[in-house]
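Report on the following structure.
Keep in mind that this is a model prediction, so the values were computed, not measured.
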Amino acid sequence: MTSPKDLENLQKEIASLARRQGDLEDVVLEVMERRESAQERVAELGERLASVQAKIDDATSRRDEASGQLDADSASVAKEREVVAGSVPADLLKLYDKLREKEGGVGAAKLFQRRCEGCRLELNITELNEVRAAAPDAVVRCENCRRILVRTSESGL
């Protein structure tokens, strides 16, 4: 037989194990709640990721399309330039190309309302008088930026 003291110890151990089991079940429930919350967050972030990826794909597609259009436009402009360059005197074309290289791609600028569109500075009266006095086919240059001035009806002369 078992002594009363042993039975009492067994009952205490059973009670202790029951408390321990309850504590562990509480921990398991808490872990399961955290897991569920984490899974919801993963699903939410997955949806956001898919949305952002769709936007990236759309932007990439539009960029590639625009790049292709720019390449086509560039080729078209290059062909047009060849045609026009063939009708320009060689010395003027050489000057234009030299200025274009020096001035960041702009060798000639429109004279618009007495202002050089290349450097955005207004020509003084002396410079304007020189431009007015120049022959229509003469090459006139801006005194400030040295670009070739293109005279039009809007030049203000």
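Rounded to the nearest 0.5 Å, atoms CG (Leu111) and CG (Leu123) are 6.0 Å apart. Taking CD of Glu103 as the start and SG of Cys119 as the end, the distance is 9.0 Å to the nearest 0.5 Å. To the nearest 0.5 angstrom, Cys116 atom SG is 7.5 Å from Leu121 atom CG. Atom CD of Glu65 sits about 11.0 Å away from atom CG of Leu70, to the nearest 0.5 Å. Atom CG in Leu93 sits 9.0 Å away from atom CZ in Arg100 (nearest 0.5 Å). Going from atom SG of Cys145 over to atom CZ of Arg120 covers 10.5 Å, rounded to the nearest 0.5 Å.
Annotation for Arg20: atom CZ does not count as buried by contact number, only 12 or fewer foreign heavy atoms lying within 6.0 Å. Other residues, nucleotides and ligands contribute over 12 non-hydrogen atoms within 6.0 Å of the CD atom of Gln39. Few gaps surround CD on Gln53; more than 12 heavy atoms of other groups in view lie less than 6.0 Å from it.
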I would like to know whether Leu149 and Cys142 meet side chain to side chain contact (heavy atoms under 4.5 Å, CB included); could you show each step before the answer? CA-CA 6 Å; Leu149 289 175; Cys142 175; 4.0 Å; yes

Apply side chain to side chain donor-acceptor pair (under 3.5 Å) to residues Ser61 and Asp64 and explain how you reach the verdict. CA-CA 5 Å; Ser61 172; Asp64 292 346; over 6 Å; no

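Under the 4.5 Å side-chain criterion, counting only non-hydrogen atoms from C-beta, Gln113 is not in contact with Glu122. Counting only heavy atoms from C-beta outward, the side chains of Arg48 and Leu45 approach each other to under 4.5 Å. Residues Glu117 and Arg147 form no side-chain contact, since every pair of their non-hydrogen atoms from C-beta on lies 4.5 Å or further apart. Considering only heavy atoms from C-beta on, Leu92 comes within 4.5 Å of Ile148 through its side chain. Residues Lys55 and Ser51 are in side-chain contact: their nearest non-hydrogen atoms beyond the backbone lie under 4.5 Å apart.
Between the side chain of Arg151 and the backbone N or O of Pro136, at least one donor-acceptor pair lies under 3.5 Å. The backbone N or O of Asn124 sits less than 3.5 Å from a side-chain atom of Glu127, completing a donor-acceptor pair. For Arg141 (side chain) and Arg146 (main-chain N/O), a donor-acceptor pair under 3.5 Å exists by modelled atom type.
Sorted by first and then second residue, the salt bridge (charged side-chain N to carboxylate O under 4.0 Å, His left out) pairs with a member in residues 67-80 form an empty list; sequence neighbours excluded. Applying the salt bridge (charged side-chain N to carboxylate O under 4.0 Å, His left out) definition to pairs two or more places apart or across chains, those involving residues 28-39 are Glu30-Arg34.
Remark: Asp57 does not engage Arg63 in a salt bridge, criterion side-chain N to carboxylate O under 4.0 Å. Using a 4.0 Å cut-off between charged nitrogen and carboxylate oxygen, Glu101 and Lys98 do not count as a salt-bridge pair. A salt bridge is defined here as a Lys NZ or Arg NE, NH1 or NH2 lying under 4.0 Å from an Asp or Glu carboxylate O, and Glu154 with Lys110 meets this definition. Residues Asp58 and Arg62 are paired through a salt bridge, judged by an N-O separation under 4.0 Å between the basic side chain and the carboxylate.
Criterion: ILVMFWY side-chain heavy atoms under 4.5 Å apart, direct or through other members. Under it, Val88 and Leu99 are part of a common hydrophobic cluster. In the hydrophobic clustering of ILVMFWY residues, with side-chain heavy atoms under 4.5 Å counting as a link, Val139 and Tyr96 come out together. Linking Ile, Leu, Val, Met, Phe, Trp and Tyr whenever their side-chain heavy atoms come within less than 4.5 Å leaves Leu17 and Leu10 in two separate clusters.
Val150 approaches Ala108 most closely through the heavy-atom pair CG2-CB, 4.1 Å.
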